[in-house]
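To start, the structure under review is shown below, and the notes come after it.
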Amino acid sequence: MKASKFYISTFKEAPADAELVSHQLMIRAGLIKKLGSGLYTWMPMGLRVLKKIENIIREEMNQAGAIEILMPAIQPAELWKETGRWDLFGPQMLKISDRHDRSFCFGPTHEEVITDVVRNELNSYKQLPMNFYQIQMKFRDEIRPRFGVMRAREFLMKDAYSFHADMESLKHTYSLMFQAYNAIFTKIGLTFRAVQADNGAIGGDGSHEFHVLAESGEDEIVYDENSDFAANIEVAKNHPNKENLKTCRGIEVGHIFQLGTKYSDAMKATFIDESGKPSPMIMGCYGIGVSRIVAAAIEQNHDDNGIIFPQSISPFEVIITPIGYDKSPLVKKAVDNLYQSLIADGYDVLLDDRGLRPGVMFNEAELLGIPHRVTLSEKTLVENKYEYKNRSASAAVMIANDDLLNHLVS
RNA sequence: CGGGGCGUAGCGCAGCCUGGUAGCGUACAUGCAUGGGGUGCAUGGGGUCGUGAGUUCGAAUCUCACCGUCCCGACCA
């Protein structure tokens with residue numbers, strides 16, 4: 001991508017209403033733009049990050065046997081009345097009416113819709129287990145939206161729902177999802193921890209939260225240095241020797257849950273078992289806050305100069321910052337060649353061909369958090385070298401041209 | 001919803017206390033200079049001062065109401 005053909009809009013100063021570092025940097029780097037409280041436009045640069053996270057999630061979910069669907073954002077009240085949640089869910093649910101004065105909500109979650117789909121589609125134990133997922137905008141009318149996309153009202157979520165003939169099958173899929181989640185957050189490159197969470201419906205080890213560790217995290221998580229035990233603060237209260245537990249803060253980016261038959265009972269989602277009798281499907285659900293991951297990743301990876309994106313989710317992997325691109329035909333030729341060859345090698349490259357001053361380009365590249373920067377100029381041409389700067393390194397280094405690819409593997 | 005801020009140019013702010021024709025920085029446009037870390041100088045365009053009502057000869061400024069937004073607490077990926 002050439003910068004002159006893309007849209008980049010960065011700011012030196014953070015807006016006054018952004019408190020959290022990740023929020024400030026997301027605005028300053030032009031990733032998002034606020035429309036209203038808890039409502040954000042994903043600008044081109046930010047959308048690239050979001051899409052990369054989406055695709056990592058998609059790959060791992062597919063790998064784990066889940067199948068992608070897309071459900072409506074707007075849902076009829078009748079479904080929610082079946083489970084009783086039309087009244088129970090509370091003011092977090094945004095209720096709306098259509099022209100015929102029928103009641104709907106903007107979906108805060110999709111258990112009702114998926115259960116409705118499945119009760120009509122799946123009839124036999126032979127069709128189970130089944131795990132459907134989607135990546136879609138949710139709306140929750142939060143009491144207090146804050147911290148940018150960290151706690152927005154409209155947010156992108158991956159939600160999956162699995163259906164089973166028996167408990168054993170649920171536990172199997174649950175463990176597949178547990179592994180998939182570990183793979184996803186590892187692939188993205190985050191420091192995270194899976195913790196036991198409260199599970200009202202089933203109890204035991206039926207629910208885990210995935211937290212990105214960060215000082216600014218809204219949740220307190222508790223762990224035992226001498227064992228694998230880690231839990232959210234609610235569960236930890238019941239731990240036998242809770243005096244020895246340590247605490248740290250985390251940002252909840254994922255939650256997996258063994259639901260049981262709560263929704264299938266209420267909505268009569270049954271299947272015919274091997275003996276020919278109807279039986280309620282056993283369910284699990286698995287959520288990831290996709291848009292929140294962007295904020296969490298930045299919260300965990302930044303410095304005074306800006307964002308430091310993990311390469312897996314950076315809007316671009318490499319930025320070329322030529323000096324004299326529009327003045328020196330030699331520089332232009334060398335830069336264009338490098339640009340084309342990196343693209344041919346499969347890299348996501350941004351060529352800053354805007355003819356800006358070097359300082360502006362460098363500062364912007366750092367703010368955006370692009371992991372690899374390559375600078376060419378008449379000076380580097382004379383030496384027949386590239387100047388390479390890793391985003392997390394303190395200074396640039398001169399490298400041999402054919403050594404560049406080695407540096408791009410982070 | 002309770003407590004506390006803040007609404008003046010795209011963004012960051014001053015002006016308000018003590019009413020009198022709206023300003024600075026940045027961004028944007030143009031020109032000249034500059035050309036390896038948000039460069040310098042000059043010129044220019046851009047504002048229903050959140051909305052409404054009131055007080056006053058006169059309101060960004062004083063009063064009231066409303067709206068928006070942010071922070072602290074109770075819900076959540």
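Throughout, protein chains are lettered first and strands after them, A, B, ... in sequence-line order, and every chain is numbered starting at 1.
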Pairwise [atom1] distance, [M] and [N] [rounded to whole Å]:
| N | M | atom1 | result |
| --- | --- | --- | --- |
| B/rA14 | B/rG25 | P | 15 Å |
| B/rA27 | B/rG73 | C1' | 38 Å |
| B/rA22 | B/rC66 | P | 30 Å |
| B/rC13 | B/rU18 | P | 25 Å |
| B/rU26 | B/rU69 | C1' | 23 Å |
| B/rG38 | B/rC1 | P | 48 Å |
| B/rG7 | B/rG12 | C1' | 14 Å |
| B/rC24 | B/rA9 | C1' | 12 Å |

Measure from [atom1] on [X] to [atom2] on [N] and round the result to the nearest Å.
| X | N | atom1 | atom2 | answer |
| --- | --- | --- | --- | --- |
| A/R28 | B/rG12 | CZ | C1' | 12 Å |
| A/I370 | B/rG37 | CD1 | P | 20 Å |
| A/L94 | B/rC76 | CG | C1' | 16 Å |
| A/R144 | B/rG73 | CZ | P | 7 Å |
| A/R153 | B/rG68 | CZ | C1' | 11 Å |
| A/F89 | B/rC75 | CZ | C1' | 10 Å |
| A/D326 | B/rU34 | CG | P | 15 Å |
| A/R151 | B/rC72 | CZ | P | 11 Å |

| query | Within 45° of the axis and under 6.0 Å from the centre of the six-membered ring of A/W86, does NZ or CZ of A/K95 qualify? | reply |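 Satisfied, under 6.0 Å and within 45°.
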
Look at [X] together with [Y] and state whether they make a salt bridge at an N to O cut-off of under 4.0 Å.
| X | Y | value |
| --- | --- | --- |
| A/D353 | A/K332 | no |
| A/R28 | A/E13 | no |
| A/K2 | A/D352 | no |
| A/D116 | A/R119 | yes |
| A/E387 | A/R373 | yes |

| message | Please compare A/G254 and A/G359 by the position of their nearest nucleotide in RNA chain B and report the one closer to 5'. | response |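 That would be A/G359.
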
| message | On RNA chain B, compare the nucleotides closest to A/V360 and A/I143; which residue's is nearer the 5' end? | response |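 Nearest nucleotide further toward 5': that of A/V360.
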
So what does [X] touch, heavy atoms closer than 4.0 Å: a base, only the sugar-phosphate, or nothing?
| X | answer |
| --- | --- |
| A/E364 | base |
| A/D17 | sugar-phosphate |
| A/A395 | nothing |
| A/A14 | sugar-phosphate |
| A/E209 | nothing |
| A/Q92 | base |
| A/I288 | nothing |
| A/S377 | base |
| A/I27 | nothing |
| A/T109 | nothing |
| A/G355 | base |
| A/G324 | nothing |
| A/F147 | sugar-phosphate |

Give none if [N] has no partner; otherwise give the nucleotide forming a Watson-Crick or G-U wobble pair with it, both distances under 3.5 Å.
| N | value |
| --- | --- |
| B/rC16 | none |
| B/rG68 | B/rC6 |
| B/rC41 | B/rG31 |
| B/rG73 | B/rC1 |
| B/rG54 | B/rC62 |
| B/rC11 | B/rG25 |

| field | Closest non-hydrogen atom pair between A/D166 and A/S169, with its separation | value |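 Distance-wise, the nearest heavy atoms are OD1-N, 2.8 Å.
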
| Are the ring centres of A/F271 and A/Y125 closer than 6.0 Å? |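 Between A/F271 and A/Y125, the centre distance exceeds or equals 6.0 Å.
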
| query | Are A/F178 and A/F210 an aromatic pair by the rule of ring centers under 6.0 Å? | reply |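 Centroid separation for A/F178 and A/F210: below 6.0 Å.
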
| task | For the side chain of A/R140, starting at C-beta, report the closest nucleotide among B/rG35, B/rA77, B/rC13. | result |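 The closest nucleotide is B/rA77.
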
Under 4.0 Å: is that the gap between some side-chain N or O of [X] and OP1 or OP2 of [N]?
| X | N | result |
| --- | --- | --- |
| A/R357 | B/rG40 | no |
| A/S37 | B/rC70 | yes |
| A/R146 | B/rG73 | yes |
| A/K34 | B/rC70 | yes |
| A/K12 | B/rA27 | yes |

| With centres under 5.5 Å and planes under 30° as the test, does A/F155 stack with B/rA77? |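 Ring-base stacking flag set for A/F155 and B/rA77.
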
